[in-house]
*Asks:* 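This is the structure I want to talk about, given as structure tokens.
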Amino acid sequence: MPYYRSVGEIPRKRHTQFRQPDGTLYAEELMGQEGFSSDSSLLYHRYLPTAIVAAEAYDPPAWSRVPNRPLKPRHLQTHKLEVGGAEAVTGRQHLLANDDVRISYVVADTPSPLYRNAVGDECLYLESGRAVFETSFGLLEAGEGDYVIIPTSVIYRVVPIGAPVRILAIEATGHIGPPKRYLSVRGQFLEHSPYCERDVRGPSAPLLVDETDVDVLVQHRRGWTKFTYAHHPFDVVGWDGHLYPWAFSIHDFEPITGRIHQPPPVHQTFQGPNFVICSFVPRKVDYHPLAIPVPYNHHNVDSDEMLFYTGGNYEARRGSGIEQGSISLHPSGFTHGPQPGAPERAIGADYFDELAVMVDTFRPLDLCDAGLACEDDAYAWTWARPGAARPDGAG
């Protein structure tokens, strides 16, 4: 994260003696990216963060992916997936994936195990419900419309509050953060950024848990491992730095508008390795007297476009079966655009009440088991015959 935070107790100088009430040293842990050359935070543990008493291979729920063949636009209906009795880590149902990013969906109603993703950062978008994210940096409470960014290798767990929480999980192979064009050379949000430091929430107090022999699931680049730690990893009395879990509400994203239709880069919220995440929020729309507010037909020749519909009425897709929780996939190699009749209907509109999360990837997205299981087979043909079934009679 691009600005400094200090939480709990820390010594005045880094890497100097910092003692517990009984006189023993607190154990330092430096978490840093890119081999001491990028953002980092320094944590102070009561016990050694290196002390494990067991390690064994762990087999997570199996999933697979297949290419988008034949190439066509897809519509996934996440609310039609089987749900119930799931937690937010191993309960994720993978929908789309490539070597840079994995996109999954989960309806969690029970606390997750302690978990560390050592492959890359995670961006967890809460479609509905509330949850507490317990982390080694402290607590983060999040609710409907929140993005929660969990940096690589942070140990955390998700505890739903009351009703189940619906989460769209975006897992990177690398790091996720604000677009570089929003930041100064020293990491401050610039004036043209659609959000700023005031909109970002981080842990505000340590979370101290006294337990022994505690299991943590670790996803790493060669599979999964279950470690048993001698002491609970939530034993940090203080930390400071620029690397920590944080939350940002899609409702705090300030839309950029213009006289004519603005392209998706104005909606960009985060960037990851070979992908971007955008937020489409309620906003005033184009005010040129001859403007057509919905998008024009377009072909992003270098990217696949995935859009998760999470509220309101998405004007460009009206009449195509898109609903709350829908995901559309419009791949490279195929021109896509608004549904038939949408441009004419939109003329004269001055406001769009829509909410959606977009992921544009610069390598093709494959289809995963859960994605295929909830696919609306009729979607690809709705431009030619709105409301019609597939030519082969399916859907």
*Asks:* Could you tell me whether the side chain of Glu344 and the main chain of Ala346 form a donor-acceptor pair under 3.5 Å?
*Replies:* no
*Asks:* To the nearest 0.5 Å, how far apart are CD in Gln219 and OG in Ser153?
*Replies:* 10.5 Å
*Asks:* Restricting to salt bridge (Lys or Arg N to Asp or Glu O under 4.0 Å), what partner residues turn up for Arg5, sequence neighbours left out?
*Replies:* none
*Asks:* So, Gln324 and Glu127: side-chain donor and acceptor under 3.5 Å apart, yes or no?
*Replies:* yes
*Asks:* Who pairs with Ala54 by side-chain contact (heavy atoms from CB on, under 4.5 Å), at least two apart in sequence or on another chain?
*Replies:* Thr228
*Asks:* Please list, chain by chain and in numerical order, all residues satisfying side-chain contact (heavy atoms from CB on, under 4.5 Å) with Thr16, sequence neighbours excluded.
*Replies:* Pro11, Lys13
*Asks:* List in chain and number order the residues that pass side-chain contact (heavy atoms from CB on, under 4.5 Å) with Ser204, two or more places apart in sequence or in another chain; answer none if no residue qualifies.
*Replies:* none
*Asks:* Taking atom CG of Leu365 and atom CE of Met306, what is their separation to the nearest 0.5 Å?
*Replies:* 8.5 Å
*Asks:* When rounded to the nearest 0.5 angstrom, what distance separates NE2 in His232 from CG in Asp215?
*Replies:* 10.5 Å
*Asks:* When you check the gap from the basic side-chain N to the acidic O, do Arg283 and Glu354 get nearer than 4.0 Å?
*Replies:* yes
*Asks:* Run the side-chain hydrogen bond (donor to acceptor under 3.5 Å, both in side chains) test against Gln93 and tell me which residues pass, sequence neighbours left out.
*Replies:* none
*Asks:* Under the side-chain hydrogen bond (donor to acceptor under 3.5 Å, both in side chains) rule, collect the residues that match up with Asp350, sequence neighbours excluded.
*Replies:* none
*Asks:* Verify the ring-centre separation between Tyr182 and Phe189: is it less than 6.0 angstrom?
*Replies:* no
*Asks:* Which value, rounded to the nearest 0.5 Å, describes the distance between Ile103 atom CD1 and Cys368 atom SG?
*Replies:* 9.0 Å
*Asks:* I would like to know whether Gln33 and Asp39 meet side chain to side chain donor-acceptor pair (under 3.5 Å); could you show each step before the answer?
*Replies:* CA-CA 6 Å; Gln33 299 172 344; Asp39 292 348; 5.9 Å; no
*Asks:* Tell me whether the centres of the aromatic rings in Phe137 and Trp239 are closer together than 6.0 Å.
*Replies:* yes
*Asks:* Looking only at side chains, do His79 and Glu323 share a donor and an acceptor under 3.5 Å apart?
*Replies:* no
*Asks:* So which heavy atom on Leu243 is nearest to which on Pro151, and how close?
*Replies:* CD1-CB, 3.7 Å
*Asks:* So that I know where these two stand, are His298 and His336 an aromatic pair - ring centroids less than 6.0 Å apart?
*Replies:* yes
*Asks:* Might you confirm whether atom CD1 of Ile347 has over 12 heavy atoms from other residues, nucleotides or ligands at distances under 6.0 Å?
*Replies:* yes
*Asks:* Who else is in Leu25's hydrophobic cluster (ILVMFWY, side-chain heavy atoms under 4.5 Å, direct or via others)?
*Replies:* none
*Asks:* CZ of Arg19: more than 12 outside heavy atoms within 6.0 angstrom?
*Replies:* yes
*Asks:* Can a side-chain donor-acceptor contact be found between Ser279 and Thr269 if the only test is distance below 3.5 angstrom?
*Replies:* yes
*Asks:* What do you reckon, is CZ of Arg69 surrounded by more than 12 foreign heavy atoms closer than 6.0 Å?
*Replies:* no
*Asks:* Any ring pair (Phe, Tyr, Trp, His ring centres under 6.0 Å) involving residues 275-294? Give me the pairs, sequence neighbours left out, ordered by first then second residue.
*Replies:* His267-Phe280
*Asks:* Would Thr173 and Arg102 count as a side chain to side chain donor-acceptor pair (under 3.5 Å) if you check the C-alpha gap in whole Å, the side-chain angles of each, and the deciding distance to 0.1 Å?
*Replies:* CA-CA 9 Å; Thr173 304; Arg102 293 152 302 284; 3.1 Å; yes
*Asks:* Assess the pair Tyr47 and His45: is the distance between their ring centroids shorter than 6.0 Å?
*Replies:* no
*Asks:* Under the side chain to side chain donor-acceptor pair (under 3.5 Å) criterion, do Glu9 and Tyr26 qualify, and how do the steps go?
*Replies:* CA-CA 11 Å; Glu9 300 176 67; Tyr26 285 108; 4.9 Å; no
*Asks:* Does the separation of the ring centres of Phe334 and His299 fall below 6.0 angstrom?
*Replies:* no
*Asks:* Just checking Arg181: does its CZ atom have more than 12 heavy atoms from other residues, nucleotides or ligands closer to it than 6.0 angstrom?
*Replies:* yes
*Asks:* Do the rings of Tyr379 and Trp383 sit parallel, tilted or perpendicular, given the 30° and 60° boundaries?
*Replies:* perpendicular
*Asks:* Ignoring hydrogens and angles, state whether a donor on the side chain of Thr212 or Tyr229 is under 3.5 Å from an acceptor on the partner side chain.
*Replies:* no
*Asks:* At their closest point, which heavy atom of Ile167 faces which heavy atom of Ala88, and how far apart are they?
*Replies:* CD1-CB, 4.1 Å
*Asks:* Any chance you could pull the hydrophobic cluster mates of Val276, using side-chain heavy atoms under 4.5 angstrom and chaining through other members?
*Replies:* Phe362
*Asks:* Please, which pairs that meet side-chain hydrogen bond (donor to acceptor under 3.5 Å, both in side chains) have at least one residue in residues 355-371, sequence neighbours excluded?
*Replies:* Ser64-Asp369, Arg65-Asp366, Asp100-Arg363
*Asks:* Indicate whether any N or O donor in one side chain lies under 3.5 Å from an N or O acceptor in the other, for His231 and Glu211.
*Replies:* no
*Asks:* Looking only at heavy atoms, which two atoms of Ser332 and Val301 are closest? And how far apart?
*Replies:* OG-O, 2.9 Å
*Asks:* If only side-chain N and O atoms count, and only distance matters, is there a donor-acceptor pair under 3.5 Å linking His220 with Thr225?
*Replies:* yes
*Asks:* Just checking, any donor-acceptor pair under 3.5 angstrom between side chains of Tyr309 and Ser328?
*Replies:* yes
*Asks:* For residues 148-180, which residue pairs qualify under ring pair (Phe, Tyr, Trp, His ring centres under 6.0 Å), counting only residues two or more places apart or in two chains?
*Replies:* Tyr115-Tyr156
*Asks:* Is a side-chain donor-acceptor pair under 3.5 Å present for Gln339 with Thr382?
*Replies:* yes
*Asks:* Less than 4.0 angstrom from a charged side-chain N to a carboxylate O is my criterion; do Asp376 and Arg74 meet it?
*Replies:* no
*Asks:* Partners of Ala142 by side-chain contact (heavy atoms from CB on, under 4.5 Å), sequence neighbours excluded?
*Replies:* Leu126, Phe133, Asp146, Val148, Arg201
